[in-house]
Amino acid sequence: MKLRFNREEMADALRSICAVAAARTPKPILRCVHLEAKSDVLLLSATDLEVSVRCSVTQIEVDQAGEAVVVADTLSRIVSECNDELLSLELADNQVHIRGAGSHFQVVTMDAKEFPAVPAMVDTPDIAIPGKILKRMIEWTLFAAAKESTRYAINGVLWELNGKELILAATDGRRLSLSRGELETNGNDTSFKIIVPSKAMNLLARLPGDGDQPIGAKMTGSQLLLSVGTATIGTALVEGNFPKYEDVIPKDCDRVMEMKTDEFLGALRRAALLTNEESKGVKLSLSDGNLTLSSRAPEQGEATVSISVKYKGESLEIGFNPVFLTDVLRVTDAESLTMSFKDSNRPGLIKQGDAFTYVVMPVNLASA
Amino acid sequence: MPLADVLYQTDAHRQVQLAISQGRLAHAYIFHGPDGVGKEMFARALAQLLLCDQPVEAALDQPTASDMNTIQQGCGVCQECVAVTNDSHPDIHSIYRQLIREHPDAALRKRKALELGVDVIRHFIVDKASFTPLRGKIKVFIVREADRITVAAQNALLKTLEEPPGATHIILLATDLSRLLPTTLSRCQVLSFNPLPNAFVRQTLSATQPELSPGHADWCARIAGGSIGTATVACTDDQYNINAKLIDQLVSLDAQSSSGISRAWIEESKSMSSKFRQRDPDISDSEASRRGLRLLIKFAATWYSDILHLLTNDDDGLINTTKKTQLQKASQRMQIDHAINAIRRCSLAEYHLQRNANTQLSIETLVNDLARLNTGKQAISAA
């Protein structure tokens, strides 16, 4: 294998590779990137046996095709620390030689045959969704997924595909986040209901690519393949059944408050300053046109913050964990939001049009 | 390694084959038996069978009588089988206590891996079990030294053991069931593995280490009690010569020599401890030398049990067959109850060491008592 490559393009590809290649693993080969040089393209792949990624680098000149396996982190750091525009890479005597102007690196390799197979998107993907929309949907849902729940089915994000509508939903048992999006194409009229692990979702959200490019998806066996530009992500799925999210979304919320997003976020953050693990949360007191947030931390003090909101109706007091509210206010991009309630012991509902729904359970403040 | 290569474990073979043919294979098994009798080999071969694309019938050519002639096993040629044989199959997860060094949390990586802790169990079994298999139809978790899973870790594993997500099989390899919680035991099926016949252990040793003299190989096989693993360790650590030295000391043991001999034992245990620590760097110095002392005590107890065998005219059970003349001499000087008391005294000393008693004190009183028994008196501390 012998080739020259554009350093910047390679550095970008290696960043995605390093997000997947395991930093610590009992199997050393999983710390590596697999390089395969063909006549006009260099394929890079990495896997941690849960998520895999495959990227291609095209600004290259290949003198001799071939393959090599080197530690991903080492190669990535070499490529990003150099400042040449072009670097050359050559495999000789089981070592990869990387040469730039005045620098020469020799990196040990591992046996390419031992590298686990990384799935590739061979046919056209079944479905395509505009990248901007999917990334938005991921941002709206991923934060709500459980981190380390023994209910393993909620340690990921539900993807439910029906016709041309894709629904993403995530919950940790105390809140639920749901977003809907429209597909560009659904070639084979595919429908599925799968749970995608958070790691793959994170990777997808971070992959470079301009937002107008569609993201393709396809199920093969027990894996979901996603293609973003020239990169392909493959991921194992989470086993189990996702809770029935439809039953969680309240349909009878008749007290509707409309507020400016950043004002509400600011007020919440201020009120949250005087909460701690023992105090139960922030109390929202709603009356005509006014919202007062109050909190109390034992042996620390109390806070009261008022803002004006659009609200008409009976006054209401309801408590929430402030983190669950600030999380969602950070990811919405709407200037103003509606939040609706039924009662102080029923969940609150935040909506941004039809595309985004967020349900959050209240905390009981009676004993606080 | 196909299933039929695991020899002398006909009971395990029968139960597994029956369960497979009836489609009742349990999702959680405990393979229980001494170290080094083929538990892990069996677990891997079973995983290979479960992952194999086209399992084949194979003759079960067992040296012992068996009503079972053929078994199902992995074909050994399909992609899945090759991956299992190369130890590169992504759906077989080996779990062992040293995995803590690969844990994502840097603070945990610095810990000594003395036990199989809750962090390893959570990160490497409970979390991984929730994913779909990567290549095959199922995933298999093989947990080595499962009797060293901490109580907290066993509790963390209960839910996964009871109802593993999807097609998951968990196999716990254990030598000591008493260290597993009743809640763990009740969620698993226990398959018992037997000690291997001495003759087979001796053959295997002689085949792998041809330079060994027959008497040496025979002693290693006998002292190992049917475990190829223990016998191999006995060989590599040169326990044969350590035992010979100890026997010389026991033969000459009396009130005058006892303090010198107990010092010699403690020195010996220290030099043995470095070998233990090479094999398992996580154990502490004092634990390693305790293990050495316990081994010496085991040799002493074996010596007295050999005397007892001779006194009761039962030559078959002898371990120290190469020391027969010394044994006969010693047995003429000893009565049956003295030999029994000596064995009891050894087991008391082992118990003390297990309970972290002062090593020097335990050994001095033991050797002192053995000296008294040797010269026809009663021991001071009786078991």
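Computed from heavy atoms alone, side chains included, the values below leave out hydrogens, waters and symmetry copies. Order of the sequence lines sets the chain letters (A, B, ...), proteins ahead of strands, with each chain counted from 1.
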**Student:** Would you mind checking which part of B:Lys137 comes under 4.5 Å of any heavy atom in chain A, side chain (CB onward), backbone (N, CA, C, O), both or neither?
**Tutor:** neither

**Student:** Should B:Leu50 and B:Pro55 count as side-chain neighbours, where that means a heavy-atom distance under 4.5 Å?
**Tutor:** no

**Student:** Hey, is B:Glu287 close enough to B:Lys112 for a salt bridge, meaning N to O under 4.0 Å?
**Tutor:**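 Salt bridge flag = no for B:Lys112 with B:Glu287.
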
**Student:** Is A:Thr141 reaching over with its side chain to a backbone N or O of A:Ala170, donor-acceptor style, under 3.5 angstrom?
**Tutor:**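 No: the side chain of A:Thr141 does not pair with the backbone of A:Ala170.
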
**Student:** Can you tell whether the side chains of B:Arg44 and B:Glu40 come within less than 4.0 Å, N to carboxylate O?
**Tutor:**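 Looking at B:Arg44 and B:Glu40, the cut-off is met.
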
**Student:** Heavy-atom distance under 4.5 Å to chain B: side chain of A:Pro116, backbone, both or neither?
**Tutor:**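 It is neither, since no heavy atom gets under 4.5 Å.
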
**Student:** Salt bridge (Lys or Arg N to Asp or Glu O under 4.0 Å), that's the test. Do B:Arg277 and B:Asp285 meet it? Break it down for me.
**Tutor:** CA-CA 8 Å; B:Arg277 276 172 61 82; B:Asp285 267 336; 3.2 Å; yes

**Student:** Is it the side chain or the backbone of B:Ala106 that comes within 4.5 Å of chain A heavy atoms, both, or neither?
**Tutor:**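 The answer is neither part of B:Ala106.
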
**Student:** Report which part of A:Ser222 has an atom under 4.5 Å of a heavy atom belonging to chain B: side chain, backbone, both, or neither.
**Tutor:**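 When you check distances to chain B, atoms from both the backbone and side chain of A:Ser222 fall under 4.5 Å.
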
**Student:** Answer yes or no: is there a side-chain heavy-atom contact under 4.5 Å between A:Leu158 and A:Lys193?
**Tutor:** yes

**Student:** Output the residues of residues 83-102 of chain B for which the shortest heavy-atom distance to chain A is under 4.5 Å, in residue-number order; output 'none' if no such residue exists.
**Tutor:** B:His89, B:Pro90, B:Ile92, B:Tyr96, B:Leu99, B:Arg101, B:Glu102

**Student:** Please determine which of B:Glu163, B:Glu162, B:His27 meets the side-chain hydrogen bond (donor to acceptor under 3.5 Å, both in side chains) test together with B:Arg187.
**Tutor:**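 For B:Arg187, the side-chain hydrogen bond (donor to acceptor under 3.5 Å, both in side chains) test succeeds with only one of B:Glu163, B:Glu162, B:His27, which is B:Glu162.
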
**Student:** Of the backbone (N, CA, C, O) and the side chain (C-beta and beyond), which part of B:Arg109 lies under 4.5 Å from a heavy atom of chain A, both, or neither?
**Tutor:**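 When you check distances to chain A, only side chain atoms of B:Arg109 fall under 4.5 Å.
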
**Student:** Are more than 12 heavy atoms from other residues, nucleotides or ligands located less than 6.0 Å from atom CD of A:Glu165?
**Tutor:**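 More than 12 heavy atoms, drawn from other residues, nucleotides or ligands, come within 6.0 Å of this atom.
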
